[in-house]
Amino acid sequence: MNHIAPGSGAGTPAHGGDFDAIVVGAGFSGMYLLHRLRDQLGLSVRVLEAADGVGGTWHWNRYPGARCDSESHSYCYYFSKDLLEEWEWSERYPTQPEILRYLNHVADRFDLRRDIALNTRVGSARFDEAANLWQVTTAEGRTLSAPFLVTAVGCLSAANVPKIPGLEDFAGQWYHTGEWPQEGVDFTGKRVGQIGTGSTGIQAVPVIAETAGHLWVFQRTANYSVPAHNAPLSPETKRWIREHRDEIHRVMTSNTNGHPFNIEDRSALEVSEEERQRLYEQAWAKGGLQFRATFRDLLTDKTANDTASEFLRAKIRSIVKDPRTATILSNIDHPYATKRPPIDSGYFEAFNRDNVTLVDLRAAPIERITPRGIKTKDAEYPLDIIVFATGFDALTGPLLRIDIRGRDGRSLREAWEAGPVNYLGLQVPGFPNMFTMTGPGSPSVLCNMPVAIEQHANWIADCITRMRAKGLKRIEARPEAAERWVRDVNAAAESTLLPEAGSSWYLGANVPGKPRVFMPYAGGMAHYRAICDEVARKDYEGFAVSA
Ligand code: N01
């Protein structure tokens, strides 16, 4: 079946476009939005997906050790009770293959595939003002149209391969973790160099080390990590989760970060040193992202944060046996959790293996890649495989690699030259009827993603429903509302310690030339949800809605 063909099963819509809505991306966001718009609103929808399968992030990120940092019972859709009942997660933190199986199950269960065009990369999208239609053109040059365009392109989907001179001459193989080959990579006995020690690199190191002949980890910025303590879910835990679903969902949708735990309402500075250490030890033993919920002020008070940062540095020094390696790993230049905090399964322990060596790029930066390997200021490391765990052009990257043009042909790239101007992270002035799911200006990556995704999809679907009920055809963020929102996004970030991590991808600092703007909304998911609901209740205040 030609999934790209207009109007399959729905007839030609009255507005003259091929579909009522075009959605870009078939990950968590695009799939749920398709279900909402098609099955609950009765719209004709086409989802365009560059990959040869559904799953978005989880289709591409197949690197060794890839698993989610959100606990499995919270990293899933909650919109369908039946779906919740019939799917059982096997481990505390789900692996990439298990999440991908889940998303494929969702695609089948809700019969989504018939409206998803795979292997279809969107090259450009242009708003035709006279027709009130988005004209979306694929990389192969086919054009489809619809009054509504929704980008569900993910926050971390544009791989960032640093431009290190000489890569093209490297005689071995190289891979970026976010574009991992489906057939996998055999590291057995190989000399492997991994660049990058973010969440991804920290997951990959212990697994690559198991089979590699030798693994050199090239570290530019040292990072904190808390053990995941991953384990199979026991029958009792599974039962507990089943019996407490409503409560879990209530917690996830009423707190700051969308996780199934609340931040403790106590300051790190109001307890004794002994009590603080006891609480940190307890949190360390429990493991996971919950560590940062030990005290309410870890992200707002530097002195409070110092207590956590120092606890974690001491843990690194206690795990890593070689004192020099321990020093380099624990010499961390930013407060804990101001960069996305990783969780791990044996990361620091891996440096106690004979076949793992840490390379300190602060002391001797990479100069170039040679045909044989990586050359730093001090030495050349001969390698068979280079793994780039170097992150993404986050949040704006996936949108800007599409040539999106709004009214008067103005490009999104131009509109965002100084940073991602938007209103509620949902719309950009000058780009009518285009919604951005979990993009800059929304809690997105600061939240457990499925929670942020369901909130955005529901808000967008409700908005379209109300517009149709009133015979309204166009919605566009007002420039002054966007200006205010950008100020609010900046103020929210500045009321935390988050901007203190100078090289963070939250700030776009990891991509040379990218404007330095704190991109996600740090005011908390529950607060953000309340703002979005209030805007809708006030007849979409801040948007120009017209017939
Ligand atoms: O990417 P990152 P990531 N030379 O940008 C280094 C999500 N995620 O893929 O810090 C040398 O965090 C860079 O060094 P520095 C999660 O939200 C989720 O690890 O820039 N090094 C850094 O060490 C996460 O935050 C899960 O100095 C270079 C690393 O590469 C986000 O994805 C799992 C370099 C990049 O770290 C991104 O994580 C994994 C260069 N030229 C990831 N360029 C879940 O569990 C970059 N680096 C859901």
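In each ligand, atom 1 is the first atom listed, and ligand 1 is the first ligand listed. From a predicted model like this one, the values you see are computed outputs, not experimental measurements. When a residue number appears, it is its place in the shown sequence, counting from 1.
At a 4.0 Å heavy-atom cut-off, ligand 1 touches S199 through backbone and side chain alike. Only the side chain of F392 comes within contact range of ligand 1, with a heavy atom under 4.0 Å; no backbone atom does.
For atom 37 (C) of ligand 1, the nearest protein heavy atom (residue, atom name, distance) is W505 NE1, 3.7 Å. Scanning all protein heavy atoms for the shortest distance to atom 36 (O) of ligand 1 gives G198 CA, 3.6 Å. The protein non-hydrogen atom at the shortest distance from atom 1 (O) of ligand 1 is G391 CA, 3.1 Å. At the shortest separation from atom 40 (C) of ligand 1 among protein heavy atoms lies R220 NH1, 3.4 Å. When hydrogens are left out, the protein atom nearest atom 41 (N) of ligand 1 is P162 CB, 3.3 Å; that is the closest non-hydrogen contact. Protein heavy atom at the shortest distance from atom 18 (C) of ligand 1 is R340 NH2, 3.6 Å. Shortest contact from atom 10 (O) of ligand 1 to any protein heavy atom: K339 NZ, 2.7 Å.
Considering backbone and side-chain N/O of R67, one or more are found under 3.5 Å from N/O of ligand 1. Considering backbone and side-chain N/O atoms, W58 never comes within less than 3.5 Å of an N/O atom of ligand 1. The shortest N or O to N or O distance between T200 and ligand 1 is under 3.5 Å. For N510, no nitrogen or oxygen atom sits less than 3.5 Å from a nitrogen or oxygen atom of ligand 1, counting backbone and side chain alike. The distance criterion of under 3.5 Å between nitrogen or oxygen atoms is not met by Y63 with respect to ligand 1. Residue contacts with ligand 1: N160 is placed with no nitrogen or oxygen under 3.5 Å of a nitrogen or oxygen of the ligand (distance criterion only).
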- Message: T57 vs N61, test: side-chain hydrogen bond (donor to acceptor under 3.5 Å, both in side chains). Steps then yes/no.
- Response: CA-CA 6 Å; T57 288; N61 283 269; 4.9 Å; no
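Close approach of ligand 1 to G196 (heavy-atom distance below 4.0 Å) involves ligand atoms 6 (C), 23 (O), 29 (C), 30 (O). Distances below 4.0 Å separate heavy atoms of D69 from the following atoms of ligand 1: 44 (C), 45 (O), 48 (C). Near T221, meaning under 4.0 Å from any of its heavy atoms, are these atoms of ligand 1: 10 (O), 15 (P), 27 (O). Taking every heavy atom of A389 and a limit of under 4.0 angstrom, the matching atoms of ligand 1 come to 29 (C), 30 (O), 35 (C). If you number the atoms of ligand 1 from 1 as listed, the ones under 4.0 Å from a heavy atom of L361 come out as 11 (C). Every atom of ligand 1 with a heavy atom of T197 under 4.0 Å away is listed here by number and element: 22 (C), 23 (O), 29 (C).
Atoms CZ and CG, from R340 and L446 in turn, are 10.0 Å apart once rounded to the nearest 0.5 Å.
Residue E417 places its CD atom among 12 or fewer non-hydrogen atoms of other residues, nucleotides or ligands, all under 6.0 Å distant.
Residues H59 and E49 have side chains that never bring a donor and an acceptor to within less than 3.5 angstrom of each other. Side-chain N/O atoms of R362 and T221 include a donor and acceptor closer than 3.5 Å. Side-chain contact annotation: T188 with D186, donor-acceptor N/O pair under 3.5 Å present.
Residue contacts with ligand 1: L156 is included, with a non-hydrogen atom under 4.0 Å away. Every heavy atom of Q219 sits 4.0 Å or more from the atoms of ligand 1.
Residues W89 and K238 form no side-chain contact, since every pair of their non-hydrogen atoms from C-beta on lies 4.5 Å or further apart.
The heavy atom nearest to atom 11 (C) of ligand 1, out of those in I202, T390, I164, I195, is found in I195.
Under the ring pair (Phe, Tyr, Trp, His ring centres under 6.0 Å) rule, Y175 has a single partner from W180, Y63, F170, which is W180.
Taking the ring centroids of W174 and F388, they lie under the 6.0 Å cut-off. Aromatic ring centres of F291 and Y336: separated by under 6.0 Å. Taking the six-membered ring for Trp and the full ring otherwise, the centers of F392 and W60 sit at least 6.0 Å from each other. Note: Y224 and Y347 fail the aromatic proximity criterion, with ring centroids not under 6.0 Å apart.
A perpendicular orientation is assigned to the rings of Y75 and F28, their planes being inclined by more than 60° (bins at 30° and 60°). In this pair, W485 and Y528 present their aromatic rings tilted. The plane angle is within the 30 to 60° band.
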